[in-house]
Amino acid sequence: MEVDDLALVERARAGDAGAFRSLIVRYQRKVYAVALGIVKDPDLAWDVSQDAFMRVHQSLGDFRGDSSFSTWVLRIATHLSIDSVRRERRSQKDDLDSVDEGALFDGAEGILSTALGSNPQESALRRELASRMTDALSELPVAHRTILVLREVEGLSYEELSERLAVPKGTVMSRLFHARKKMQVLLADYAGLAPKRGPASTAEEEG
Amino acid sequence: MSDCTIYAPMLTARPGELSGDEASRLHVHLAGCAACQARLADERAVDGLVADGLARAAARRDFSEFSTQVMARLPVAAWRPDPSDRGLPTAEPLGALGRLRAWLRRHKLAAAASALAPALAAVALYVYLDNTGSGPAEFAVDVASETLAPMVLDTSDGPLVLLGEGSDGA
């Protein structure tokens, strides 16, 4: 029977190297996935992921079990990931959050759902789109990549996103809408699903 | 400005994330807006795709060395000794070299001999054993130096023979 996370944390605190290594192995890919989504570069994501476990080790004494170990380590990973792209964030002065008519009506509504069909979770197209996800994310501004990762991988609610990003709930909703819409347009483009072109363009919102 | 600019962002909401008022107004809007119905269908169709895509990217990467690299960056002093060391104070890192060191600590004479061996390899020794036959056996050990030859150390466990390079044995 697999040892649970809290038991491994206790043993690691007591100096059990094998227990800490087990925690690393258990969460290394998920931590890397979070880091990759935010920092884009695979080698940087690798380094940030290792830094995250270093930070976890330093802070083992602070972990009280109020949240799950998974939540705790992913929070550390996203924090370090965001820090590592701070320079990119400062250079991007786009308006990331306003939802105007131009951004909304680009003719792309329904294209993906139609193409993915009645069982979208099982379709081959979905697998193709998933394989292009890192490409799509890398074309988004860092603020959009970040909110998508926090929402989709770390699983944060609107309220948690509002607190983590220090923005109102309305901003969370509009930023998330923007990010998802851009991501969907990019994926549809990769899949050769051409929308009816409208006034909006993802390019005009890039820094 | 159309109502879609207000309600489209609400389409990403999970159960319980909209207030009762927001949820009912969204419901009314969706009933009369084909574009937002299509947007909602898109949201549902790609649900979980970001996580799936990143998980795939992580699955493609070779993590066989990841944990070893992390552990190597952590201070050795952070870990307690292996219980089989019976309380020896030095905490050893994992690995073959660490296990060899632990074995040598438990067998101190062999460790001493190992330490001496490089120096002794440059010096030839020959050993003379003499058993006098009176009472308990006594072994006198004479050691002289020449060039590469075996040597015997008189130990509490009995003679320990160290073979030199190119020797025929004792």
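Quantities reported herein were computed from a predicted structural model and do not represent experimental measurements. Chain naming here is simple, since letters A, B, ... match the order of the sequence lines and numbering starts at 1 in each.
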* **Side chain / backbone / both / neither for A:Gln184 at chain B, heavy atoms under 4.5 Å** => side chain
* To do: Would you check if A:Met173 and B:Leu18 make a side-chain contact, meaning some heavy-atom pair closer than 4.5 Å?
  => yes
* To do: Examine whether an atom of A:Ser157 lies under 4.5 Å from a heavy atom of chain B, and if so say whether it belongs to the side chain, the backbone or both; otherwise answer neither.
  => both
* **Any side-chain heavy-atom pair of A:Met54 and B:Leu74 under 4.5 Å** => yes
* Minimum heavy-atom distance B:Ala38-A:Ser113, with the two atoms named -> O-OG, 4.3 Å
* **Which atoms of A:Lys30 approach chain B - backbone, side chain, both or neither, heavy atom under 4.5 Å** => neither
* Nearest non-hydrogen partners of A:Leu36 and B:Ala57, listed with the distance -> CD2-CB, 3.6 Å
* Do the side chains of A:Val25 and B:Phe63 get nearer than 4.5 Å, heavy atoms only? -> no
* Asked: Can you tell me how far CZ of B:Arg39 sits from CZ of A:Arg180, rounded to the nearest 0.5 angstrom?
  -> 14.0 Å
* With side chains defined as the heavy atoms from C-beta onward, is the minimum distance between A:Trp46 and B:Phe66 less than 4.5 Å? -> yes
* To do: For the pair A:Lys181 and B:Glu43, find out whether any cationic side-chain nitrogen is under 4.0 Å from an anionic carboxylate oxygen.
  => no
* To do: Provide the closest heavy-atom pair for A:Val153 versus B:Ala51 in the form atom of the first, atom of the second, distance.
  => CG2-CA, 4.0 Å
* Asked: Any side-chain heavy atom of A:Leu116 sitting closer than 4.5 Å to one from B:Val46?
  -> yes
* Side-chain contact test, heavy atoms from C-beta onward, threshold under 4.5 Å: evaluate it for B:Thr68 versus A:Arg21 and give yes or no. => yes
* Engaged part of A:Arg132 at the chain B interface, taking heavy atoms whose separation is under 4.5 Å -> neither
* Is there side-chain contact between B:Met10 and A:Phe177, with at least one heavy-atom pair below 4.5 Å? -> no
* Asked: Distance from A:Ser49 atom OG to B:Arg61 atom CZ, nearest 0.5 Å?
  -> 8.5 Å
* In terms of heavy-atom contacts, does CD of A:Glu128 have more than 12 from other residues, nucleotides or ligands at under 6.0 Å? -> yes
* **Derivation of the side chain to side chain contact (heavy atoms under 4.5 Å, CB included) call for B:Val70 and A:Gln28** => CA-CA 10 Å; B:Val70 174; A:Gln28 58 194 9; over 6 Å; no
* To do: Could you have a look at B:Ala34, B:Ala55, B:Gly53, B:Gly48 and say which one has the most heavy-atom pairs with chain A under 4.5 angstrom?
  => B:Gly53
* Asked: Under a 4.5 Å cut-off applied to non-hydrogen side-chain atoms, are B:Arg56 and A:Arg127 in contact?
  -> yes
* **Residue part contacting chain A, namely of B:Ala13, when any heavy atom lies under 4.5 Å** => both
* Asked: Quick one: do A:Glu159 and B:Arg14 make a salt bridge, cutoff under 4.0 Å?
  -> no
* Asked: Who wins among A:Ala12, A:Gly155, A:Ala45 for the most heavy-atom pairs under 4.5 Å with chain B?
  -> A:Gly155
* Salt bridge flag under 4.0 Å for residues A:Asp47 and B:Arg73 -> no
* Among A:Glu154, A:Gln58, A:Lys169, which residue forms the greatest number of heavy-atom pairs with chain B at distances under 4.5 Å? -> A:Lys169
* Asked: How many angstroms lie between CZ in A:Arg26 and OG in B:Ser67, if you round to the nearest 0.5 Å?
  -> 13.5 Å
* To do: Using atom types as modelled and distance alone, determine if a side-chain donor or acceptor of B:Asp42 lies under 3.5 Å from a backbone N or O of A:Gly110.
  => yes
* Within the distance-only criterion (no hydrogens, no angle test), does the side chain of B:Glu17 pair as donor or acceptor with the backbone N or O of A:Tyr158 below 3.5 angstrom? -> yes
* In Å, rounded to the nearest 0.5 Å, how long is the span from CG of A:Leu129 to CG of B:Leu49? -> 6.0 Å
* Is chain B contacted by the side chain of A:Leu137, its backbone, both, or neither, given a heavy-atom distance below 4.5 Å? -> side chain
* **Option that, when pairs with chain B are counted at under 4.5 Å, heavy atom only, ranks first among A:Ala130, A:Ala115, A:Pro42** => A:Ala130
* Quick one: do B:Leu54 and A:Val34 satisfy side chain to side chain contact (heavy atoms under 4.5 Å, CB included)? Show the steps, please. => CA-CA 8 Å; B:Leu54 289 172; A:Val34 160; over 6 Å; no
* Asked: So which part of A:Ala14 gets closer than 4.5 Å to some heavy atom of chain B, the side chain, the backbone, both or neither?
  -> both
* Could you pull out the closest heavy-atom pair between B:Thr12 and A:Leu176, with the gap in Å? => OG1-CD2, 3.8 Å
